[in-house]
Visitor: 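I have a structure here, written as structure tokens, and I will follow up with some questions on it.
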Amino acid sequence: MIKPYSLLLLGMFAYTVNAQTTAPIPTVQPYGKIDKEDIEMTSCDFEKDANAEVLFAKGNVYFDSDYNLIFDRYVRIKIFNDKGKDEANIKLRFRAGDRSEYISNISAETINQNTGTLQITKVDKKQIFTQRINKLYSEIAFSFPEVKAGSIIEYKYTVTANNVGDFPDWYFQSNIPTRYSEISTTIPSILFYKNLVMVTQPWAKNTSDVKALANIPSLNDEPYMSSVTDNEERILYELKTINAPNFNQSFSDTWEKVGKELIGDEDFGLQFRRKLAGEDVIISKAKSLSTDAEKIAYIFNEVKSTMKWDQEDERYTNDGTAEAWNKKTGNSTEINLILYHLLQKSGLKAYPMLVSTKDNGKINPAYPNSYQFNRTVAYIPVDSTFNYILDATGKYNIYNETPRNLLNGFGFYINKDDEKYELVFLQKTAPVRGVTLINAEIKPDGKMSGTVQVNSFSYNRINDVKEYKTDGEEKYIKALSNGDNNLKITSLKFENMEVDTLPLTQNIEFTLDLTGSDENYIYFKPNLFASDYNNEFLSENRYTDIDFGYPGNYALNGIYKVPAGYKIDAMPKSATMAMTDKSIVFKRLVAEQDGSVVVRYLLYFKKSIYFKEDYPEIHGFFKKMNEMMNEQVVLKKG
């Protein structure tokens, strides 16, 4: 952080500025002035099914004579229907704990048309609330009154920061379409910021001090999307140098510098060795265990079962590890620094590691700073092929698998003793397996009954356990039927649910009414319990890259006994289908054997990340696979 005294020194120096653009902006109206066309519009011109639209968002960043950073923001939104009314709830987070930021000049109003005249309802200042989020951040929240389909809402405010390093990032894109978005900057010549521009659309304006986009589509979740944050059109800013007469300072951080600063931080590195009440009992128990894996598993489960996560993801502690341990609750960094402390005290070579969760977005290795991260975990390297990434905040996390929401991103680990501060790419290279075995008998009356064994490994195991315990058995059983109302599960029993080191086994008994069958023919699809093969790539278009998380191997084996008096009239042929680069392969093997139809489906994912440019082939692949999975077997009487 740039200390306040640096700002006072800067105030002694004269500076010049980059002139702001004076070109008129016809798409942005003054606050309170509404175009008739906007109040009467009923849909977004370029995204007809949108529930709401940002008519414009304008940001302006400049500095006062004391080098306080001023950020004015003005937003106007059109509400098209009741679903769009969620946009009327506003939350503004700011850094209040160290008094480095404050928000002022808030104005907000709702505009409706009533019998041809505009009706303006202002947000009452008494209905604007400020609440403390944690030690560092607070939040201002308010809601617009009288919002309905057809309303326009607008608000503006000013953020003042006494740290020139707190330059706001600008996001052009959001979950609703945006007609126009602009950021303008007036930066003193003694300050130099590095820009990370992540924009794929053509610029509406592109000068040194004004950047704008127009007609920006909404960005919403897509199947196997890394995160919204990773894919939004945006500009990020990072202070690199201050170059003034008689004063020069560089902020071109290295990861080593970032690590050393964190070690000296009261809310991070100085927490490493804080003693925890009663820790000696845990440490003594861990040291008595034979293997490192046993020690790791014991300490991990002890912390996970003792501590309650307060749902706050931060890269620093709030109350500190000792107080969090006493209260048995804490933020993600507090819980995992407690975990690291106990591992290290038990003789294990553990290190704290900063990470960014999937929702927070991937970090950029070329921008060394701690602000990109939002969580700390414990890291234990074993060899070149395996390491432990331990996060005790998740109820269903296990000690021997990297949490799914950290995969395919970087972690930054801190080895204070050896002065090593390095990035590690977190990935799962071994394929995650899922094996389903079906043994069924078909009756002449067009009914099927049988047993199924589902064996889930690694993340498949974690997902199944979480879904069962979170949703409950009734909802879980409904999901197992994969939308087939004729499939009835009569028995479900689990093995190894509480044993992290073994695959989860589900033993299922079921019955199925084979609809469409008559007195001469029986029809059935041998794709029961095949949710691993579902096609989620239904859209013709794709706007984001695809992240499966990990490679996978899935096998579905079925034996279907043909009833007496029937013979096979038609059945799918064996076939193999593969992506051009062979990274995804689907096989279907079908045969008649000893009076039964034997079917085997195999699906292999050899890599986990695909670019959006690969989507046409992926879309076609899964569409064809779905068609192949739904081909019927026909049995004929006689």
Side-chain angles (χ1 to χ4, degrees), residues 1-2 69 93-95 97-98 100-101 133-134 136-137 161 163-173 193-199 219 225-240 250-265 267-269 312-318 331-334 336-337 351-379 389 391 393 402-415 420-427 544-545 547 609:
M1 174 182 291
I2 302 167
L69 186 152
R93 180 174 284 207
F94 64 104
R95 190 170 176 135
D98 58 1
S100 63
E101 286 183 347
I133 301 300
N134 53 43
L136 197 55
Y137 287 96
N163 182 351
V164 295
D166 288 341
F167 205 104
D169 299 326
W170 185 258
Y171 287 80
F172 297 97
Q173 196 170 26
Y193 293 88
K194 182 178 179 181
N195 298 345
L196 180 62
V197 180
M198 301 180 184
V199 171
L219 182 63
M225 177 181 177
S226 58
S227 74
V228 170
T229 305
D230 288 333
N231 292 281
E232 286 176 321
E233 305 274 292
R234 64 199 185 275
I235 301 179
L236 311 182
Y237 298 84
E238 182 183 19
L239 180 64
K240 302 305 292 184
S250 173
F251 301 92
S252 298
D253 287 343
T254 63
W255 286 111
E256 180 180 6
K257 182 179 176 182
V258 172
K260 288 181 177 179
E261 288 178 351
L262 285 166
I263 285 175
D265 193 313
D267 296 322
F268 192 82
E312 282 292 322
D313 257 327
E314 303 292 353
R315 62 181 180 275
Y316 50 80
T317 62
N318 189 21
N331 68 24
S332 56
T333 288
E334 286 167 336
N336 287 320
L337 285 185
Y351 308 99
M353 172 182 275
L354 274 73
V355 294
S356 178
T357 59
K358 179 180 177 182
D359 288 342
N360 191 59
K362 299 182 187 301
I363 72 113
N364 187 331
Y367 278 67
N369 64 69
S370 63
Y371 300 101
Q372 299 186 72
F373 302 98
N374 70 324
R375 185 179 290 190
T376 302
V377 295
Y379 169 61
I389 307 294
D391 181 3
T393 63
T402 299
R404 168 67 180 85
N405 66 342
L406 303 181
L407 288 176
N408 298 325
F410 285 95
F412 176 56
Y413 85 94
I414 298 171
N415 181 346
K420 291 180 66 176
Y421 314 96
E422 297 178 354
L423 292 171
V424 177
F425 190 69
L426 309 181
Q427 61 181 329
T544 63
D545 294 338
D547 184 354
I609 297 177

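What you are looking at is a predicted structure, and each value in this text was computed from that prediction instead of being measured.
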Visitor: Among Phe167, Trp170, Tyr171, Tyr367, find the one that has a side chain to side chain contact (heavy atoms under 4.5 Å, CB included) with Leu236.
Guide: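 Among Phe167, Trp170, Tyr171, Tyr367, the one that satisfies the side chain to side chain contact (heavy atoms under 4.5 Å, CB included) with Leu236 is Tyr171.
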
Visitor: Determine, stepwise, if the pair Ile235 / Val197 fulfils side-chain contact (heavy atoms from CB on, under 4.5 Å).
Guide: CA-CA 5 Å; Ile235 301 179; Val197 180; 4.3 Å; yes

Visitor: With Asp267, which residues qualify under side chain to side chain donor-acceptor pair (under 3.5 Å), at least two apart?
Guide: Lys135

Visitor: Look at the aromatic rings of Phe425 and Phe410 and report parallel, tilted or perpendicular, splitting at 30° and 60°.
Guide: perpendicular

Visitor: Between Leu262 and Tyr421, is any pair of side-chain heavy atoms under 4.5 Å apart?
Guide: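 Heavy-atom side-chain distance check fails, nothing below 4.5 Å.
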
Visitor: Side-chain contact test, heavy atoms from C-beta onward, threshold under 4.5 Å: evaluate it for Asp547 versus Lys362 and give yes or no.
Guide: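 They are in contact (side-chain heavy atoms under 4.5 Å apart), so the answer is yes.
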
Visitor: Between Asn331 (side chain) and Glu312 (backbone), is there a donor-acceptor pair under 3.5 Å?
Guide: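 Pair absent, no side-chain N/O of Asn331 close to backbone of Glu312.
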
Visitor: Taking the six-membered ring of Phe373, is the NZ or CZ of Arg315 close enough (under 6.0 Å from the centre) and on axis enough (within 45°)?
Guide: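 No - Arg315 does not lie over the ring of Phe373 by the 6.0 Å and 45° rule.
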
Visitor: Is there side-chain contact between Ile363 and Leu423, with heavy atoms separated by less than 4.5 Å?
Guide: yes

Visitor: Are any non-hydrogen side-chain atoms of Leu426 and Met353 less than 4.5 angstrom apart?
Guide: yes

Visitor: Looking at Thr376 and Ser332, would you say the former's side chain and the latter's main chain have a donor-acceptor pair under 3.5 Å?
Guide: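 Side chain of Thr376 to backbone of Ser332: no pair is present.
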
Visitor: Can you find a pair of side-chain heavy atoms, one from Asn360 and one from Asp313, that are under 4.5 Å apart?
Guide: no

Visitor: Excluding sequence neighbours, so at least two apart, what forms side chain to side chain donor-acceptor pair (under 3.5 Å) with Asn318?
Guide: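 Not a single residue meets the side chain to side chain donor-acceptor pair (under 3.5 Å) criterion with Asn318.
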
Visitor: One pair to check against salt bridge (Lys or Arg N to Asp or Glu O under 4.0 Å): Asp166 and Arg95. What are the steps and the verdict?
Guide: CA-CA 10 Å; Asp166 288 341; Arg95 190 170 176 135; 5.2 Å; no

Visitor: Walk me through whether Val377 and Thr393 qualify under side-chain contact (heavy atoms from CB on, under 4.5 Å).
Guide: CA-CA 9 Å; Val377 295; Thr393 63; over 6 Å; no

Visitor: Determine yes or no for a side-chain-to-main-chain donor-acceptor pair under 3.5 angstrom, with Thr357 supplying the side chain and Asn405 the backbone.
Guide: no

Visitor: Taking the side chain as every heavy atom from C-beta outward, state whether Asn364 and Glu238 have any pair of such atoms under 4.5 Å apart.
Guide: no

Visitor: Report the C-alpha separation of Ser226 and Asn231 in whole Å, then their side-chain angles, then the decisive distance to 0.1 Å, and conclude whether the side-chain contact (heavy atoms from CB on, under 4.5 Å) test is met.
Guide: CA-CA 8 Å; Ser226 58; Asn231 292 281; 3.6 Å; yes

Visitor: With sequence neighbours left out, what residues match Tyr237 under side chain to side chain donor-acceptor pair (under 3.5 Å)?
Guide: none

